[in-house]
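The structure under discussion appears below in the form of structure tokens.
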Amino acid sequence: MELSLQKGSRSRILAGLLLLAIAIFIGRLFYLQIIQHEEYVKLAAAEQIKPLTIPAQRGEIYALDGNAPVPLVQNQPIYTLFADPAVVTEPDRVLTVVREVAGGNLRPKIDELLERKNTRYQILGTKLSRKQAELIKKENLSGIGFQEVSQRVYPEGKLAAQTLGFVNDEGVGQYGVESALNDRLVGHDGLLKSVTDVSGVPLTIGDKNINEPAKNGDNIVLTIDRNIQSYVERTLASKVKSLGADTGSVIVMNPQNGDIMAMANFPTFNPEKFNSVKNSALFNNNVISRPYEPGSVMKTFAMAIGLDKGVIQPNSTYINTDSIKVEDRVIQNLWRGETGKITMQTGLNYSLNTSVVTVAQLLGDGKNVDRKARDTIYNYLYDKFHLGQITGVELAGEQPGVIIPPTEVEGNAVRYSNMTFGQGMNLTMLQVAAGFCSLINGGTYHPPTVIAGTLSDGGIFTGAEEKGSQENVISPSSAKKIHSMIRKARKAFYAGNDIPGYDIGGKTGTSQTLKPEGGYNDDETIATYLGYGGNSTPKYVIMVETSGKDKYLEGNKHALPIFTDISNWLIEYLRIDPKG
Amino acid sequence: MSYQTTQQFYSRRRSNLSSGWNRNQNTVSFVSAVKLGPVSHTVLVALMLTVLGIVYLTQATRATAYDYEAQKIDSQIAELETKKTDLEIENARLTALESVKSGDVAKAMTKPASTDYVR
């Protein structure tokens with residue numbers, strides 16, 4: 001017998017209603033799960049999947065100690081202490097604990113901050129150390145939390161401050177290496193996108209998890225030797241004051257490869273406290289960012305050009321009358337009395353303007369600093385010695401300076417005559433020192449650099465790619481001659497305090513400053529000394545500059561003593577053997 | 001009694017293919033006396049699905065437990081790295097030139113009375 005519900009029975013109606021209800025449910029489920037699928041998946045993902053940024057660590061900066069990298073800039077995690085006043089249940093205990101542990105790091109009137117119950121976030125203190133944060137965490141204070149941030153620390157204090165620069169509060173490098181290499185130092189943040197639980201712990205469930213590890217910034221190793229840098233800074237600070245100047249700068253380079261071993265300015269600043277520096281001019285690295293007329297140190301370049309073009313020899317003679325006429329101007333010597341028939345070497349020894357103007361004339365028709373002479377000088381200074389242009393050193397704020405080409409009206413004979421003794425042009429110390437290296441290293445121009453290489457997180461050093469050097473900017477024989485002339489120029493008057501047995505040479509420079517209204521200021525001068533030292537091979541080039549407002553400073557009195565002090569120390573520090 | 005050998009083999013089994021069975025086939029099939037109705041089948045399927053669900057949940061929970069363990073270890077690594085960083089900074093500060101200069105050994109050093117140079 002077949003069982004069936006009677007037509008119109010209550011059971012049949014109930015079954016029909018149930019079927020209808022099921023159909024509604026199925027329809028609703030179909031709508032939610034099929035039609036609205038994407039929408040709800042998005043909502044669920046937004047609720048469950050949280051993107052967490054894995055911050056990349058900014059690269060550290062190292063100097064060299066001999067050949068070993070030593071840290072100059074490191075990263076230290078510090079903590080910001082904050083409170084959620086609405087959740088804080090024991091304000092008195094909070095105040096007692098945080099004042100006891102981190103009294104010096106707290107903001108003023110934190111008791112009032114805790115009373116602001118209508119707010120959810122109040123910063124109570126900044127820059128707490130890990131130990132301080134741990135001590136406060138141990139107290140399990142409700143409504144109290146920490147936010148970890150990274151700050152730059154400088155184990156060597158002020159050392160090489162203007163070369164390093166600093167990182168501002170937004171995490172962007174300012175000045176120096178920090179700014180110039182910001183992109184390399186900053187790295188790339190990683191991303192962790194994962195399903196998390198209610199307390200934010202990432203879980204492995206789900207098929208849309210992303211785990212891109214952060215790429216830390218490069219750890220940069222500078223060519224700066226911390227011992228040389230430290231000695232140079234100390235010497236500069238003490239001598240600038242004792243010599244009566246206000247400011248000073250020094251650069252020490254390796255003439256064989258263009259490495260900058262030290263670069264210092266006085267006064268300087270503490271990069272850890274850059275916020276408290278009132279005079280932002282202190283951030284500038286004057287070695288690269290303040291072009292000036294370097295004065296008579298440029299006579300070494302003029303002589304080198306004359307030697308390389310074959311128009312003079314060190315013992316070539318000319319008649320010195322202590323003045324020389326160029327067009328409608330008369331150029332005079334600062335040192336007077338060495339008149340008559342004298343050699344170019346004597347002219348360099350006494351730093352006679354007439355000697356180098358004579359060289360300029362010989363580069364032309366022999367009587368005038370004509371277009372041919374000017375083209376030759378420009379070609380050497382600009383194209384070969386790379387003066388008056390950016391050197392490409394890896395530091396922010398480098399200025400190109402100016403060498404006016406002979407194609408311009410201002411690039412006339414008078415200007416080019418002045419340029420032979422360092423006036424009428426604006427050059428940075430870095431440009432001059434780098435060009436000078438090529439005079440005494442055999443004639444190769446090495447682009448200056450502060451980057452020795454990188455250091456991996458595992459401590460493996462990788463050398464930097466070499467920048468393209470330019471060989472034969474002057475011929476090796478010309479380089480040998482000018483090298484000898486520079487040595488003799490120092491030996492003539494200024495080698496008394498040199499350690500005997502070494503090859504040391506150099507040239508003084510005293511340059512007038514420019515008045516704001518135009519013309520030269522005779523009462524305010526800049527003192528410069530540019531020289532080298534070593535044995536059969538030059539090991540270092542040092543350029544010193546001192547200046548002061550309304551101060552008449554001379555190269556032989558106010559810059560040379562600093563050179564001599566550093567040079568003698570370098571011979572011992574670099575363990576240079578005496579000449580064989 | 002004598003046997004007669006022949007070259008022909010005769011199977012003792014009947015080789016009538018129309019009978020529905022053949023060599024090496026079971027000739028008997030078991031039929032349970034217990035009959036399961038549609039409800040029982042549904043319940044059993046539901047039970048099996050439940051067991052499978054429980055197995056899945058167990059595995060998922062176990063994986064999540066590992067996540068918490070991993071998170072704990074990550075926290076420890078982060079904490080140790082922070083301590084390592086602090087120690088590296090402390091080391092750098094202690095070996096910094098200024099620290100070395102102000103050390104007891106450096107303070108006890110004296111300048112040589114005279115210096116001779118090899119010529």
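Just so we're on the same page: letters track the sequence lines, and every chain starts at 1.
Between B:Ile89 atom CD1 and A:Glu60 atom CD the span is 7.5 Å, to the nearest 0.5 Å. Put simply, CZ on A:Arg234 and CG on B:Leu97 are 8.0 Å apart, with the number rounded to the nearest 0.5 Å.
For B:Thr95, the part lying near chain A is the backbone, with the side chain staying farther off; criterion is any non-hydrogen pair under 4.5 Å. Residue contact with chain A, scored on non-hydrogen atoms closer than 4.5 Å, is absent for B:Glu90. For B:Lys101, the part lying under 4.5 angstrom from a heavy atom of chain A is the side chain only. With a 4.5 Å cut-off on non-hydrogen atoms, A:Asp577 does not touch chain B at all. For A:Gln76, the parts lying under 4.5 angstrom from a heavy atom of chain B are both the backbone and the side chain.
Within a 6.0 Å sphere centred on CG of A:Asn497, other residues, nucleotides and ligands contribute 12 heavy atoms or fewer. When the shell of 6.0 Å around OH of B:Tyr66 is examined, it contains 12 or fewer heavy atoms from other residues, nucleotides or ligands. Around CD of B:Gln59, the count of heavy atoms belonging to other residues, nucleotides or ligands within 6.0 Å exceeds 12.
Among all heavy-atom pairs drawn from B:Ala96 and A:Pro155, the shortest one is CB-O, 3.3 Å. Closest heavy-atom contact between A:Asn75 and B:Thr85: O-CG2, 3.1 Å.
Using a 4.5 Å heavy-atom threshold, the side chains of A:Val153 and B:Arg93 count as touching. With contacts defined as side-chain heavy-atom distances shorter than 4.5 Å, the pair B:Glu79/A:Glu134 qualifies.
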